[in-house]
*Asks:* 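Okay, here's the structure, questions in a sec.
For this chain, numbers begin at 1 and follow the sequence in order.
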Amino acid sequence: MGLLFALIWSSAFTSARIIVEAAPPLMALSLRFFLSGVLGIGIALGMGQSFRLTRVQWVSVLVFGICQNALYLGLNFIAMQTVEASLAAIIASTMPLMVATASWLVFRERLPMMGVAGLVVGFGGVALIMAQRFSGGADMFGVALCLVASVALTAATLAVKGASKDGANLLMIVGLQLMVGSLALAPFAALFETYQVSWSTSLVVAFLYTTLMPGLFATFLWFRLVGRIGATRAATFHFLNPFFGVAIAAVLLGEALTWADALGVTIIAAGILAVQMARQRPRPAP
């Protein structure tokens, strides 16, 4: 589940890059959230789910909808007008370190030393890749937007903990938080953007893919994943964003793939392994 989520989530950086090169970013994202939300809510109602959520779930819907959808994805869409899709994916992979730190400070969640070392090693791999990209002239303002977006995603990830424990209305929760994101972005799109779209087949395909896969299916997977293994362990799968994100962008967009990217991804993979091994509970003796 974690690997599938990481693959789909990472592919969204490439599809988003295609979209923002042809359409206003916030307007396109708000429309994507609206369509994904309507579809998710419709499917949830068809499955017998309802709008009767607990207070904790409603709070999680609002926080997740604003932090992940409006802030994280909104800022990333704006940033990717000047930042390559591969670099945006790499910056997003710093989120697990932020989640682990917040879990320790706020929720007093314990993480074994091996897990801490894995997070540090993983972050080191990200730093290596970013240093190489900075030397190549990456847009600093766009990078700053991506970093703020990662902080917002951290808050969203921690908020999911309260919503994903009860699987009864899970798809309804996903649909509602998508609608929250759409409503939050719509006023900013109307005020600050001009409707100007360069229509093409690639734009339509990218938009439909982003709406259905990263927008709806991957979000559903993320709720399930956090509910099953916890925010800290689930967040480590974001360390795969550089590998999948860089590879997909290189194949579909022709973005450069360097030796630093390959080495950094290898280091990140080692960090993921360390964190996952540290969080494994020993099996009871037979």
Side-chain angles (χ1 to χ4, degrees), residues 9 12-13 15-17 19-20 23-44 51 53-81 83 88 91-92 95 98-99 102 141-142 144-164 169-197 206-208 210-223 226 231 238:
W9 191 260
F13 293 96
S15 59
R17 177 74 171 172
I19 292 170
V20 300
L26 298 184
M27 191 178 299
L29 195 56
S30 179
L31 178 59
R32 168 198 145 178
F33 288 151
F34 177 78
L35 295 176
S36 297
V38 169
L39 184 60
I41 292 172
I43 295 174
F51 294 102
L53 308 181
T54 66
R55 181 178 178 276
V56 173
Q57 288 175 329
W58 276 116
V59 171
S60 297
V61 164
L62 292 174
V63 172
F64 196 79
I66 293 174
C67 288
Q68 173 174 296
N69 295 332
L71 291 177
Y72 170 70
L73 290 174
L75 291 174
N76 265 305
F77 263 54
I78 295 173
M80 276 189 284
Q81 292 178 302
V83 171
I91 295 173
M95 188 273 286
M98 300 179 188
V99 168
F141 179 70
L145 290 180
C146 289
L147 288 172
V148 174
S150 292
V151 175
L153 181 59
T154 299
T157 300
L158 295 173
V160 178
K161 296 174 70 174
S164 54
N169 281 321
L170 185 54
L171 191 54
M172 178 63 72
I173 292 170
V174 171
L176 289 172
Q177 59 86 18
L178 287 166
M179 294 299 293
V180 169
S182 177
L183 293 174
L185 288 177
F188 294 96
L191 286 173
F192 299 109
E193 293 182 338
T194 302
Y195 179 80
Q196 187 173 358
V197 180
F207 184 82
L208 291 177
T210 304
T211 299
L212 297 176
M213 297 303 289
L216 186 61
F217 183 57
T219 304
F220 176 77
L221 282 179
W222 181 243
F223 273 78
V226 173
H238 279 271

*Asks:* So how far is it from L71 CG to S150 OG, rounded to the nearest 0.5 Å?
*Replies:* 12.0 Å

*Asks:* How about P24 and V197: do any of their side-chain heavy atoms sit closer than 4.5 Å?
*Replies:* yes

*Asks:* How long is the span from the OG1 atom in T211 to the CG atom in L31, to the nearest 0.5 Å?
*Replies:* 7.0 Å

*Asks:* Would you compute the distance between atom CD of Q177 and atom CD of Q57 and round it to the nearest 0.5 angstrom?
*Replies:* 13.0 Å

*Asks:* Give the intermediate values and the outcome of side chain to side chain contact (heavy atoms under 4.5 Å, CB included) for residues L170 and F220.
*Replies:* CA-CA 8 Å; L170 185 54; F220 176 77; 3.8 Å; yes

*Asks:* Which residue is it: I19, L73, L208? I am looking for the one with a side-chain contact (heavy atoms from CB on, under 4.5 Å) to R32.
*Replies:* L73

*Asks:* L145 versus V83: any side-chain heavy-atom pair under 4.5 Å?
*Replies:* no

*Asks:* What closest approach, in Å, do A70 and F33 show between heavy atoms, and which atom pair accounts for it?
*Replies:* N-CE1, 4.5 Å

*Asks:* Please report the shortest heavy-atom distance between A206 and S15, naming the atom on each side.
*Replies:* CB-O, 3.8 Å

*Asks:* Once you round to the nearest 0.5 Å, how far does CH2 of W9 lie from OG1 of T219?
*Replies:* 5.5 Å

*Asks:* Where is the tightest heavy-atom contact between L26 and G74, given as atom of each residue plus distance?
*Replies:* CD2-O, 4.0 Å

*Asks:* Can you name the closest pair of heavy atoms from F77 and V20 and give their distance?
*Replies:* O-CG1, 3.4 Å

*Asks:* With a 3.5 Å cut-off and sequence neighbours excluded, list the donor-acceptor pairs that the side chains of residues 179-192 form with protein atoms.
*Replies:*
from: S182; atom 1: OG; to: S30; atom 2: O; distance (Å): 2.9
from: S182; atom 1: OG; to: S30; atom 2: OG; distance (Å): 3.4

*Asks:* To check you understand the geometry: which heavy-atom pair defines the closest contact between Y72 and F13, and what is its length?
*Replies:* OH-CZ, 3.6 Å

*Asks:* Got a second to check how far L39's CG is from F217's CZ, nearest 0.5 Å?
*Replies:* 13.0 Å

*Asks:* Of the non-hydrogen atoms in E193 and M27, which two are nearest, and what is the gap between them?
*Replies:* OE1-N, 2.8 Å

*Asks:* Rounded to the nearest 0.5 Å, what's the gap from CD1 on I173 to CD1 on I41? Could you check?
*Replies:* 11.5 Å

*Asks:* Looking at L221, L216, I43, which one forms a side-chain contact (heavy atoms from CB on, under 4.5 Å) with V174?
*Replies:* L216

